[in-house]
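Sharing a structure, written as structure tokens. Questions coming.
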Amino acid sequence: MHVNDAGCHQIVWQATHPPIARRIEPVPGVVLLETLTSSGARCYAVAADGLEHQARAYAVRVHDRHIELYLHRTARKPHGYPLRLMREAMLRTYEEHGDVVFHAAGADLDGRGVMICGPRSAGKTTLLTCLLRVTRGDLLSNDRLILDRRGRMVAVPLPVPVARGTIDAVPELGNAVRALSRPQRDVGELPTTFGATAKAEFSAQEYTTALGTSLAAGSWLRTIIVPHLADTTEPTRTRLLPVEEAQQMLAANCFTPHDEFWIRPWLVPRTTPDAELHRHSQQLTQQLAADIPCFEVSFGVRNPLDQLDKAVLDLLRNPQ
């Protein structure tokens, strides 16, 4: 990585002058221009940035396995761009080796891995927070997990966005939120509505430090939990999912070969056909549903959060 205005401008110039090989939208709202140089390098410049509105904040040059990131000194979130490249390269490399990406959070409990799997706004982060603070387990990652065919979970480097309701209910997070390193809205301005998308963004390290836990790179999957949180006063309920229902849930939250956010591979070219990647994911979801106990945990968020704490702890201690 280089913080180098001149180098950034040079890559942008190369990527925006003919012949432009293609336009790529790797994530919704971000459009990249790709140009191939005479030396075989690929140069990328940002043509549109609907996420952070800094179209010329960075540029990328790739030659074989060597990836160079050039940052402009005016980039508002310089820490975020290297992580984006790491995630992109990591996800695509693992997929090329037959591993599968899930929309899930993960934790390691002394060598026993727990995957919290579910769609957006299901309550993954809230349940993860309860799990970590009652077990003092280690965080793998918050919103994506890689699973290999042996059942090994691999952490994906991601921030941890936390909703206002969870911050208000968990004193450890409430005490830490004002010292967060990333530029963001004051927590008092965040909506209190259940399911709101505006959240406080913790780094993974800030999140685990606040909860008194640590980070882990991987773990062996032993339990799957499916959160079903709702804006009600319904009591906590836990049930073991039948194999067929567990398989349907896993398939619905499997992001190989298609991810709802990282929609177009670019940094590491995908050489395995989508049909083969889909076959790998089907085989793994069938295997997980048959071999790993999968529990649905329902909870009304208008109840005290310690009720969810207790339900998670009881489930782990006495799985039925």
hydrophobic_cluster_shared for Val301 and Val134, side chain cutoff 4.5 Å: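 Val134 and Val301: separate clusters.
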
Leu316 vs Val312 side-chain heavy atoms within contact, under 4.5 Å: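 They are in side-chain contact.
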
Pair Arg164 + Asp168: basic N to acidic O under 4.0 Å: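 Yes, Arg164 and Asp168 are salt-bridged.
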
Expected output: side-chain Asp148 to main-chain Gly151 donor-acceptor under 3.5 Å: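 Side chain of Asp148 to backbone of Gly151, a donor-acceptor pair under 3.5 Å: yes, one is there.
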
side-chain hydrogen bond (donor to acceptor under 3.5 Å, both in side chains) between Ser181 and Glu206, worked out: CA-CA 9 Å; Ser181 59; Glu206 289 168 337; 2.8 Å; yes

Test item: side-chain donor near acceptor, Thr272 and Glu96, under 3.5 Å: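 Note: Thr272 and Glu96 side chains meet the donor-acceptor criterion.
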
ring-ring contact (aromatic ring centres under 6.0 Å, His included) against Trp262, all qualifying residues, sequence neighbours excluded: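 Per chain and number, Trp262 pairs via ring-ring contact (aromatic ring centres under 6.0 Å, His included) with no residue.
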
Output field: ring centroids His72/His9 closer than 6.0 Å: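 His72 vs His9: aromatic centres under 6.0 Å.
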
Test item: Ser219 side-chain N/O and Asp108 main-chain N/O as donor-acceptor pair under 3.5 Å: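 Between the backbone of Asp108 and the side chain of Ser219 there is no qualifying donor-acceptor contact (under 3.5 Å).
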
Whether over 12 other heavy atoms sit under 6.0 Å from Arg112 CZ: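 Check fails, neighbour count at 12 or below.
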
Same cluster (ILVMFWY, side-chain, under 4.5 Å), Leu109 and Val297: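 Same cluster: Leu109 reaches Val297 through Ile, Leu, Val, Met, Phe, Trp or Tyr contacts under 4.5 Å.
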
Closest non-hydrogen atom pair between Tyr81 and Ala75, with its separation: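 Shortest heavy-atom separation between Tyr81 and Ala75 comes out as CE1-CB, 4.0 Å.
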
Crowding at CZ, Phe194 (>12 non-hydrogen neighbours, <6.0 Å):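 More than 12 heavy atoms, drawn from other residues, nucleotides or ligands, come within 6.0 Å of this atom.
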
Full working for salt bridge (Lys or Arg N to Asp or Glu O under 4.0 Å) between Glu34 and Arg22: CA-CA 5 Å; Glu34 178 193 66; Arg22 58 176 177 162; 2.9 Å; yes

Check: Tyr44/Arg42 side-chain N/O donor and acceptor closer than 3.5 Å: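 Tyr44 vs Arg42: donor-acceptor pair found between side chains.
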
Heavy-atom donor-acceptor pair, Gln54 side chain to Thr74 backbone, under 3.5 Å: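 Checked: pair present.
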
Leu83 reachable from Phe202 in the ILVMFWY side-chain graph, under 4.5 Å edges: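 No, Phe202 and Leu83 fall in different hydrophobic clusters.
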
Residue that, paired with Ile224, satisfies side-chain contact (heavy atoms from CB on, under 4.5 Å) out of Leu241, Leu250, Ile116: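 It is Leu250, the one option of Leu241, Leu250, Ile116 that forms the side-chain contact (heavy atoms from CB on, under 4.5 Å) with Ile224.
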
Within one Ile-Leu-Val-Met-Phe-Trp-Tyr cluster: Val226 and Leu315, side-chain cutoff 4.5 Å: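 No; Leu315 is not reachable from Val226 via cluster members.
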
Heavy-atom neighbours of Arg317 CZ exceed 12 at 6.0 Å: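 No, CZ of Arg317 has 12 or fewer neighbouring heavy atoms, counting only those of other groups under 6.0 Å.
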
Exceeds 12 heavy-atom contacts within 6.0 angstrom, atom NE2 of His63: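 Above 12, so yes.
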
CZ/Arg136: more than 12 non-hydrogen atoms of other groups inside 6.0 Å: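 Atom CZ in Arg136 is crowded, with more than 12 foreign heavy atoms closer than 6.0 Å.
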
Sub-4.5 Å side-chain heavy-atom contact between Arg61 and Tyr70: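 Yes, at least one pair of side-chain atoms sits under 4.5 Å.
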
Contact summary for Arg120 and Glu260, nearest pair of heavy atoms: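 Closest heavy-atom pair between Arg120 and Glu260: NH2-OE2, 3.1 Å.
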
Cys43 side chain reached by Thr37 side chain, heavy atoms, under 4.5 Å: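 Of all side-chain heavy-atom pairs linking Cys43 with Thr37, at least one is under 4.5 Å.
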
Atom pair CG/CZ of Leu85 and Arg87 - distance to nearest 0.5 Å: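 Leu85 atom CG to Arg87 atom CZ measures 9.0 Å (nearest 0.5 Å).
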
Separation of Leu91 CG from Arg270 CZ (nearest 0.5 Å):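 With rounding to 0.5 Å, CZ (Arg270) is 9.5 Å from CG (Leu91).
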
Heavy atoms from other residues, nucleotides or ligands near CD of Glu189 exceed 12 (cutoff 6.0 Å):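 Counting neighbours around CD of Glu189, more than 12 heavy atoms of other residues, nucleotides or ligands fall under 6.0 Å, so yes.
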
Heavy-atom check, side chain of Val60 versus side chain of Trp266, under 4.5 Å: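 Touching, per the 4.5 Å side-chain cut-off.
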
Gap separating the CG atom of Asn4 from the CG atom of Leu69, nearest 0.5 angstrom: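 Reported to 0.5 Å precision, the distance equals 11.0 Å.
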
Residues in ring-ring contact (aromatic ring centres under 6.0 Å, His included) contact with Phe102, at least two apart in sequence or another chain: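 With neighbours one apart ignored, the set is empty.
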
Short side-chain to backbone donor-acceptor contact, Thr208 and Gln205, under 3.5 Å: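 Flag set: sc Thr208 to bb Gln205 pair under 3.5 Å.
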
Donor-acceptor contact below 3.5 Å, side chain Gln307 vs main chain Ala311: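 Side chain of Gln307 to backbone of Ala311, a donor-acceptor pair under 3.5 Å: no, none is there.
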
Within 6.0 Å of CG in Asp186, more than 12 heavy atoms from elsewhere: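 Check passes, neighbour count above 12.
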
Shortest non-hydrogen separation from Ala89 to Thr93 and the atoms involved: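 It is O-OG1, 2.6 Å.
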
Cluster check Leu32, Ile67: I/L/V/M/F/W/Y, side chain < 4.5 angstrom: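 Same cluster.
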
Any donor-acceptor pair under 3.5 Å from Ser141 side chain to Val156 backbone: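 Yes, because the side chain of Ser141 sits within donor-acceptor range (under 3.5 Å) of the backbone of Val156.
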
Pair Thr129, Tyr207: side-chain N/O donor-acceptor within cut-off below 3.5 Å: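 Yes, side-chain donor-acceptor contact under 3.5 Å.
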
Side-chain ion pair, Arg302 and Glu234, N-O less than 4.0 Å: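 Glu234 and Arg302: not salt-bridged.
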
Criterion side-chain hydrogen bond (donor to acceptor under 3.5 Å, both in side chains) against Thr125, the qualifying member of Asp143, Asn142, Thr166: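 One option only clears the test, and that one is Asn142.
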
Greater than 12 external heavy atoms within 6.0 Å of Trp13's CH2: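 Check fails, neighbour count at 12 or below.
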
Thr35 side chain reached by Leu33 side chain, heavy atoms, under 4.5 Å: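 Not touching, per the 4.5 Å side-chain cut-off.
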
Close side-chain approach of Leu313 to Thr135, heavy-atom, < 4.5 Å: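 Yes, close enough: below the 4.5 Å cut-off.
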
Asp259 side-chain N/O to Phe255 backbone N/O, donor-acceptor pair under 3.5 Å: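 Not confirmed, Asp259 side chain does not pair with Phe255 backbone.
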
Close side-chain approach of Tyr94 and Val101, heavy atoms under 4.5 Å: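 Tyr94 vs Val101: side chains apart.
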
Nearest heavy-atom neighbours spanning Leu145 and Ala105: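 Closest approach of Leu145 to Ala105: CD1-O, 3.3 Å.
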
Least distance between heavy atoms, Asp291 atom then Pro293 atom: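 Minimum heavy-atom contact is O-CD, 4.0 Å.
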
Arg133 (side chain) donor-acceptor with Leu211 (main chain) under 3.5 angstrom: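 Absent.
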
Electrostatic pair Glu296:Arg239 at N-O distance under 4.0 angstrom: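 Result for this pair is yes, salt bridge flagged.
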
Side-chain heavy-atom pair Pro119, Asn253 within 4.5 angstrom cut-off: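 In short, these two side chains touch, coming nearer than 4.5 Å.
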
Check: Gln287 side chain, Arg149 main-chain N or O, donor-acceptor pair, under 3.5 Å: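 Answer holds: yes.
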
Pair Thr256, Glu95: side-chain N/O donor-acceptor within cut-off below 3.5 Å: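 Per modelled atom types, Thr256 and Glu95 side chains form a pair under 3.5 Å.
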
Whichever hydrophobic residues join Leu277 through chains of side-chain contacts under 4.5 Å: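 Result for Leu277 is none, singleton.
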
Between CD on residue Glu25 and CZ on residue Arg23, distance to nearest 0.5 Å: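 Atom-to-atom, Glu25:CD and Arg23:CZ are 9.5 Å apart.
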
Closest non-hydrogen atom pair, Pro257 against Asp274: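 Minimum heavy-atom contact is CG-O, 3.8 Å.
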
